[in-house]
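Presented below is the structure to which this report refers.
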Amino acid sequence: MSANPAEYSVNEMMIAASARQLEGERVCFVGIGPPNIACNLARRTVTPALELVYEAGVYGADPQRLPLSIGDPTLVTGAVSVTSMFEIFSFYLQRGLIDVAFLGASQIDRFGNINTTVVGGYDKPKVRLPGSGGACEISINANRVFVIMPQTRRSFVEEVDFVTSPGHLAGKRPAEWLGGGPYVVVTGLGVYRFGDDGVMYLSRMHPGVTVEQVQANTGWDMRVSPDLVATDPPSELELNLMRNELDPEGVYTR
Amino acid sequence: MSVGGGAGGKVTTMHDAVADLVKDGDTVAIEGFTHLICFAAGHEIIRQGKRDLTLCRMTPDVIYDQMIAAGVASKLVFSWLGNPGVGSLHAIRRRVERSDPAPLELEEYSHFGMVSRYTAGASGLPFMPLRSYHSSDLPKVNPRIVELESPYGDGTVYAVPPLNPDLSIVHVQRADKDGNCHVWGFLGCQKEAAFAARKVIVVCEELVNGRVIRSDPNRTIIPGLVVDAVVAEPRACHPSFAQGYYDRDNRFYVAWDPISRDPAKLDAWLEEWVYGLATHNDYLAKMGTEAWDRLTPEQCLSEPVDYGAYSPG
């Protein structure tokens with residue numbers, strides 16, 4: 001099936017835009033779901049030398065199919081190295097070898113603080129979310145954090161219900177922290193970056209999206225870059241890879 | 001029979017291992033990170049009606065959703081609570097969000113925190129330091145995560161306490177009768193959980209001669225020294241997987257979602273697939289062979305290594 005580039009989903013745009021952000025990167029800590037597709041897409045398009053690191057204990061994965069879970073056996077076969085989880089977190093992440101890490105988020109605030117723990121109070125949550133997994137230490141130790149998430153008023157919030165993974169806190173991160181924190185956020189509407197004061201701003205807008213629409217889906221007053229540019233729509237190559245190889249059943253891309 | 005010795009080594013049945021080594025109120029870890037999760041052991045614990053367990057796992061996974069739905073646990077120690085690649089574990093969520101049908105106490109860490117807890121437990125240390133948790137709300141809801149000044153003036157780190165389960169249950173690809181184990185693929189925390197525990201049950205795909213273990217000592221991640229019982233139970237991880245033996249049954253994980261959402265369906269599933277069966281062999285017989293055709297991978301052998309033979313003279 002050949003893709004018609006005139007028709008694509010919000011998620012396909014989000015994943016293609018995320019993959020392009022990986023150009024020039026080398027060592028990437030991959031999360032499950034959309035990040036997984038974005039990283040594998042980047043490896044087949046903008047950055048073939050990308051080394052995929054998975055928290056289950058894999059460095060240099062070469063998956064031959066889309067892994068449904070973070071611990072799929074296809075990540076092991078043909079990988080450069082399979083280590084204990086202690087080594088992945090200590091020697092690779094905590095030692096500072098991870099250039100980029102992808103995180104998902106249920107809620108994010110303007111400083112890139114991320115909640116994946118609870119909606120509502122911790123003791124009696126309205127919704128119990130999965131929790132940290134490796135996200136808390138990744139957000140502190142990876143050189144740069146990329147966030148990929150759907151954007152609504154319920155996800156882009158004035159104040160997160162719980163800080164699972166710290167971003168730029170209420171401004172600057174402490175100087176002694178290893179990693180630089182959130183660097184880019186990609187949603188179905190656009191691409192966001194962070195100013196010197198640690199505050200998020202709209203840097204690119206996907207085709208057909210308006211600033212009003214971005215604002216209507218943000219729980220605070222979103223800053224807009226004076227140099228705001230439009231994202232290129234997904235290319236035929238990107239769409240073909242996503243539809244035919246990386247997510248043929250459309251679990252994450254439709 | 002009792003476990004732990006004799007000419008047959010430590011080999012026993014799942015029934016006897018669980019009957020002898022799991023006590024009500026115990027802290028139990030069935031580890032395995034997506035890989036090598038021993039569902040058959042969880043099912044046997046359910047069948048034997050164990051109660052008031054503190055269950056530890058980095059990722060509780062579908063097995064703990066089943067066990068917690070069956071009422072074996074009063075507390076969960078964990079770091080990521082979900083059905084990997086699918087969504088939520090609804091039986092656990094009902095207990096946490098609505099105390100339905102009973103409250104469930106949580107003790108929550110991050111993955112690195114849980115890995116470090118097992119490592120401290122396995123190393124005989126009072127805590128492990130790690131660079132995580134700074135400015136996260138996790139230490140606020142878990143007072144056992146404590147900020148520490150480095151004694152060398154290099155800023156602060158966080159400490160987590162050792163985790164020493166009363167019992168760890170680890171699945172491995174092959175073991176000998178004394179409990180020496182070979183594992184390949186994702187190692188998870190199998191090794192750390194085994195060394196940290198007071199008692200260990202090893203469940204293996206294949207029970208092999210000790211010569212097979214000694215032919216590749218670098219692959220031995222758990223020595224029989226720390227193992228109390230060995231159970232030979234092929235395919236005991238389904239719907240989890242054993243690298244090289246069978247694939248993860250992703251269809252099962254997807255199918256679990258609607259079952260887990262509906263307490264009546266979940267009870268019916270437990271009745272049909274756990275209480276209604278006596279052993280894991282019955283489970284396999286009930287499954288039939290279709291799934292295994294789908295789940296059996298093509299062979300992909302590693303290049304052999306030469307350890308060298310160093311005889312006297």
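Just the heavy atoms: all of them, side chains too, but no hydrogens, waters or symmetry mates, feed the values below. Here the structure is a predicted model, which is why all the values come from computation and not from measurement.
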Worksheet item: Are more than 12 heavy atoms from other residues, nucleotides or ligands located less than 6.0 Å from atom OH of Y201(A)?
Response: yes

Worksheet item: What are the two closest heavy atoms between D65(B) and I92(B), and how far apart are they?
Response: OD1-N, 3.0 Å

Worksheet item: Who wins among S110(B), G87(B), S240(B) for the most heavy-atom pairs under 4.5 Å with chain A?
Response: S110(B)

Worksheet, complete the sentence: In this structure, CG of L138(B) is separated from NZ of K140(B) (nearest 0.5 Å) by 10.5 Å

Worksheet item: With a 4.5 angstrom heavy-atom cut-off, which part of Y158(B) approaches chain A: side chain, backbone, both or neither?
Response: neither

Worksheet item: Just checking, is any N or O donor in the side chain of D216(B) or H182(B) under 3.5 Å from an acceptor N or O on the other one?
Response: no

Response to the item:
When the 4.5 angstrom heavy-atom criterion is applied to N36(A) and chain B, the contacting part is neither

Discussion item. Out of S69(A), G134(A), G133(A), G131(A), return the one with the most heavy atom pairs under 4.5 angstrom to chain B.
Written reply: G133(A)

Fill in: Minimal non-hydrogen separation, T34(B) against G71(A), with atom names
CG2-O, 3.4 Å

Practice prompt. For the residue pair M58(B) and E31(B), establish whether any side-chain heavy-atom pair is separated by less than 4.5 Å.
Written response: yes

Worksheet item: Which of the residues Y133(B), W80(B), F112(B) is involved in the greatest number of heavy-atom pairs with chain A at under 4.5 angstrom?
Response: F112(B)

Worksheet, complete the sentence: Honestly, the part of Y122(A) sitting under 4.5 Å from a heavy atom of chain B is side chain

Worksheet, complete the sentence: Of the listed L81(B), L187(B), T119(B), D137(B), the one with the largest count of heavy-atom pairs under 4.5 Å with chain A is D137(B)

Worksheet, complete the sentence: Looking only at E108(B), Q190(B), M114(B), the option with the highest number of non-hydrogen pairs under 4.5 Å against chain A is E108(B)

Practice prompt. With a 4.5 angstrom heavy-atom cut-off, could you sort out which part of V251(A) is near chain B: side chain, backbone, both or neither?
Written response: neither

Item to complete: Counting only heavy atoms closer than 4.5 Å, note whether L106(B) contacts chain A via side chain, backbone, both or neither.
Response: side chain

Worksheet item: What residue in D123(A), D72(A), I70(A) has the most heavy-atom pairs under 4.5 Å with chain B?
Response: D72(A)

Item to complete: Can you label the angle between the F39(B) ring and the F252(B) ring as parallel, tilted or perpendicular, going by 30° and 60°?
Response: perpendicular

Practice prompt. Please determine, among T117(A), V118(A), V127(A), the option with the most heavy-atom pairs under 4.5 Å with chain B.
Written response: V127(A)

Fill in: Stepwise side chain to side chain donor-acceptor pair (under 3.5 Å) test for E87(A) and Y59(A)
CA-CA 10 Å; E87(A) 282 183 44; Y59(A) 170 76; over 6 Å; no

Discussion item. Does any backbone or side-chain atom of Y54(A) lie under 4.5 Å from a heavy atom of chain B? Answer side chain, backbone, both or neither.
Written reply: neither

Worksheet item: Run the ring pair (Phe, Tyr, Trp, His ring centres under 6.0 Å) check on F33(B) and F186(B) step by step: do they pass?
Response: CA-CA 7 Å; F33(B) 195 82; F186(B) 297 123; 7.5 Å; no

Discussion item. Just by distance, no angles: are the side chains of N113(A) and H168(A) close enough, under 3.5 Å, to form a donor-acceptor pair?
Written reply: no

Practice prompt. Under 4.5 Å, counting heavy-atom pairs only, tell me which of P73(A), A56(A), S132(A), P166(A) racks up the most with chain B.
Written response: P73(A)

Discussion item. Quick check on the interface: out of S99(B), P297(B), C300(B), G188(B), who has the most heavy-atom pairs with chain A under 4.5 Å?
Written reply: G188(B)

Response to the item:
Most heavy-atom pairs under 4.5 Å with chain A, out of N250(B), V141(B), V115(B), belong to V141(B)

Item to complete: Check whether the side chains of T156(B) and E147(B) place a donor and an acceptor atom closer than 3.5 Å, and report yes or no.
Response: yes

Discussion item. Please classify the contact between S90(A) and chain B as side chain, backbone, both or neither, with a heavy-atom cut-off of under 4.5 Å.
Written reply: both

Item to complete: Sort Q243(B) into side chain, backbone, both or neither according to what part of it lies under 4.5 angstrom from a heavy atom of chain A.
Response: side chain

